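To find a chain, count down the sequence lines: A is the first, B the second, and so on, and within it residues start at 1. Because the structure is a prediction, the values reported are computed rather than measured.
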2 protein chains.
Amino acid sequence: MLDKSYRHIGCENCKSRNNSLFASFCDSDVDIMNSAKTCAFYKKNQPLFLERSAPRGVYCINEGKVKIFGRGEEGKEQIIHLAVAGEIVGFRAMFSGEPYTVSATTLEDSNICFINKADFLDMVDTNPSLRNGIMKELSIELAERATFVTNMAQKSVRERLASSLVILNDIYTNELINLSREDLANFVGTATETLIRLLKDFKDEELIKTHARKIEILNKDGLLKVAGG
Amino acid sequence: MLDKSYRHIGCENCKSRNNSLFASFCDSDVDIMNSAKTCAFYKKNQPLFLERSAPRGVYCINEGKVKIFGRGEEGKEQIIHLAVAGEIVGFRAMFSGEPYTVSATTLEDSNICFINKADFLDMVDTNPSLRNGIMKELSIELAERATFVTNMAQKSVRERLASSLVILNDIYTNELINLSREDLANFVGTATETLIRLLKDFKDEELIKTHARKIEILNKDGLLKVAGG
DNA sequence: CCGAAAAGGTGATTTATATCAGGTTTAACC
DNA sequence: GGTTAAACCTGATATAAATCACCTTTTCGG
């Protein structure tokens, strides 16, 4: 039996590519990428890269989920983004010329391909539609992050949790939200204890239901109302 | 006397261009830009563009300062960025294909040039070094904004104010920080009253000194220490 | 230069949320 | 399958910061 860790997954068969920045690739583009990349299996909670380290390339999620997070002064994580299948992780650092300012870790068992920096930049250089896709992606994320800052500054924890649960509901399509309470707290930006108490409130209000650690959304509109807006 | 509002300022004479994304432009690039752009004088507190409106082009600050801000549910401003001379404002929206998600308003009397979308995108398309500069800029800002989110989520208002004052000290080079208490509060992400009280604390601790509304930094290291590091 | 409006400031009060200090359940590993 | 650690949860308490209400100073248009 082949070692699962290194089994190559062809991009032509990758179901996640359709909703990725590589969706518009023609056959020859796919060939180039196939020969440039390496595939790897990551167990849950394995790091892809760490803050302050030098970027070596980009990570393309075939299957699984990845959290992108920074750390505050006392080491507490702040989750900035949750990346799902089809997303390319770490490409911002390809252009900034600086070390990573955030870390990336798998949230569940994942298949993730790697394309090294030179190959990736070469593809960007020679493929205008990929390039435009990336510029668009960077711009949209920048706008999203402005809203993120505003929400952090002005919304209560209760409002942020409601809004986060709706976002997570879209990230965990056709499955229950499956994050540790600590990760959830670090996404919302609060203390774990506060998060647990608020989850209980939401349960009492029949907005959500918990199945052990997993969270089911019962009333999305209700949550949106709590989130304010 | 010429109407000041429409006096053309040649890019070749623009002192702010050296520390801008257009710094690497050759003479012919500058010519193209000179004929594409229009110049305008903006009084203090005049809007460049408003949230939800359609982007028509980019704004290049020859002289002056501009605040970029979003609004929370109750309309409270959250200042996301303060742009100074040399900065190009609004170029993110050129690539996102979406309306502005933030607004931009002058903080002081300013000279600002405008380049329309088609001309700007044309320059980006034909000028790889400009393009790379923009991709780098987008990436760096994305990283900065991740830190911004983390600070909002984890730092106290006192810490954020200290850190903000240090940032503002760099923005207001060779002059005193000159922002309304409300703008400062909206930058830090707090209530105006809280901000005023904390400023008083900092005065008592001899970290800063106020000259009417203007703020002088007396002890930058002290502020950095308060900011937590 | 005057009057109105905006900005700046102070005090008292409330409250959301962090923090500390346990206790219990779940998961993981030899 | 039992032991240990990690995750989850609860309660009590402290406090940073928002809010409300008000007064004072500065700014600016006429």
Side-chain angles (χ1 to χ4, degrees), chain A residues 43-46 72-78 105 107-109 150-162 164 176-204 208-215 226-228, chain B residues 43-46 67 72-78 105 107-109 150-164 176-204 208-215 226-228:
Chain A
K43 278 200 299 191
K44 183 177 172 169
N45 290 325
Q46 279 194 308
E73 302 301 342
E74 285 99 43
K76 183 176 161 69
E77 288 184 11
Q78 175 61 45
T105 300
L107 284 168
E108 50 193 59
D109 291 356
T150 307
N151 286 342
M152 279 296 178
Q154 299 188 10
K155 287 194 172 183
S156 67
V157 174
R158 183 178 154 88
E159 290 170 326
R160 297 206 305 265
L161 174 57
S164 297
L176 300 182
I177 296 168
N178 188 8
L179 269 183
S180 74
R181 297 296 181 254
E182 194 181 352
D183 277 339
L184 188 47
N186 292 340
F187 185 54
V188 173
T190 188
T192 309
E193 297 95 320
T194 302
L195 177 111
I196 289 168
R197 277 183 254 263
L198 286 170
L199 279 184
K200 203 172 114 189
D201 291 349
F202 285 0
K203 274 188 268 186
D204 292 347
I208 63 168
K209 196 173 166 186
T210 58
H211 307 258
R213 67 137 61 174
K214 296 184 184 179
I215 299 169
V226 171
Chain B
K43 279 199 300 190
K44 183 176 173 172
N45 290 325
Q46 280 194 307
K67 65 173 172 182
E73 302 301 341
E74 285 100 42
K76 184 177 161 69
E77 287 184 13
Q78 176 61 45
T105 301
L107 285 168
E108 50 193 60
D109 292 355
T150 307
N151 286 342
M152 279 296 177
Q154 299 188 11
K155 287 195 171 182
S156 67
V157 174
R158 183 178 154 89
E159 289 169 328
R160 298 205 304 266
L161 174 58
S163 141
S164 297
L176 300 181
I177 296 168
N178 188 10
L179 268 184
S180 74
R181 298 295 181 254
E182 194 181 352
D183 277 340
L184 189 47
N186 291 341
F187 185 55
V188 172
T190 188
T192 310
E193 298 94 320
T194 303
L195 176 112
I196 289 169
R197 278 183 254 264
L198 286 170
L199 279 183
K200 203 173 117 190
D201 291 348
F202 285 1
K203 274 188 269 186
D204 291 347
I208 62 168
K209 196 174 167 183
T210 57
H211 307 259
R213 68 136 62 173
K214 295 184 185 179
I215 299 169
V226 171

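Rounded to whole Å, atom C1' of dA17(D) lies 10 Å from atom CD of E193(B). dA18(C) atom C1' lies 12 Å from atom CG of L198(A), rounded to whole Å. For the pair K214(B) NZ and dA7(C) C1', the computed distance is 16 Å after rounding to whole Å. Spacing between atom CG of L195(A) and atom C1' of dA18(C) amounts to 13 Å, rounded to whole angstrom units. In this structure, the CG atom of D201(A) is 15 Å from the C1' atom of dG11(D), given to the nearest Å. Going from atom CD1 of I196(A) over to atom C1' of dA6(D) covers 13 Å, rounded to whole Å. We find that CZ of R160(B) is positioned 7 Å from P of dA17(D), with the value rounded to whole Å. Between the CG atom of L199(B) and the C1' atom of dA17(D) there is a distance of 15 Å, given to the nearest Å.
Scanning atom types as modelled, no donor and acceptor separated by under 3.5 angstrom connect the side chain of E182(A) and the base of dC8(D). Side chain R197(A) to base dT19(C): a donor-acceptor pair is found below 3.5 Å.
Checking N45(A) against T190(B), the closest nucleotide of DNA chain D that is more toward the 5' end is the one next to N45(A).
Of the side-chain N and O atoms in T192(B), none sit less than 4.0 angstrom from OP1 or OP2 of dA7(C). At the phosphate of dA16(C), neither OP1 nor OP2 sits under 4.0 Å from any side-chain N or O atom of T194(A). Between R158(B) and the phosphate of dA16(D), there is no side-chain N or O to OP1/OP2 separation shorter than 4.0 Å.
In this structure, CG on D201(A) lies 6.5 Å from CZ on R158(A), to the nearest 0.5 angstrom.
Residues E108(A) and K43(A) are not paired through a salt bridge, judged by the lack of any N-O separation under 4.0 Å between the basic side chain and the carboxylate.
For the pair E77(B) and D183(B), the minimum side-chain heavy-atom distance is below 4.5 Å.
The backbone N or O of R213(B) sits nowhere less than 3.5 Å from a side-chain atom of T210(B) that would complete a donor-acceptor pair. Judged by distance alone, the side chain of S163(B) and the main-chain N or O of E159(B) form no donor-acceptor pair under 3.5 Å.
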Which letters describe nucleotides 25-30 of chain C, given B = protein heavy atom under 4.0 Å from base, S = only from sugar-phosphate, - = neither?
-> ------
Decide yes or no on side-chain contact (heavy atoms from CB on, under 4.5 Å) for F187(B) and R160(B), but give the supporting numbers first.
-> CA-CA 9 Å; F187(B) 185 55; R160(B) 298 205 304 266; over 6 Å; no
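Under a cut-off of 6.0 angstrom, the local environment of CD in Q46(A) is crowded, with over 12 non-hydrogen atoms contributed by other residues, nucleotides or ligands.
Across dG9(C), dT19(D), dT17(C), the shortest atom-to-atom separation from the side chain of A191(B) is found for dT19(D).
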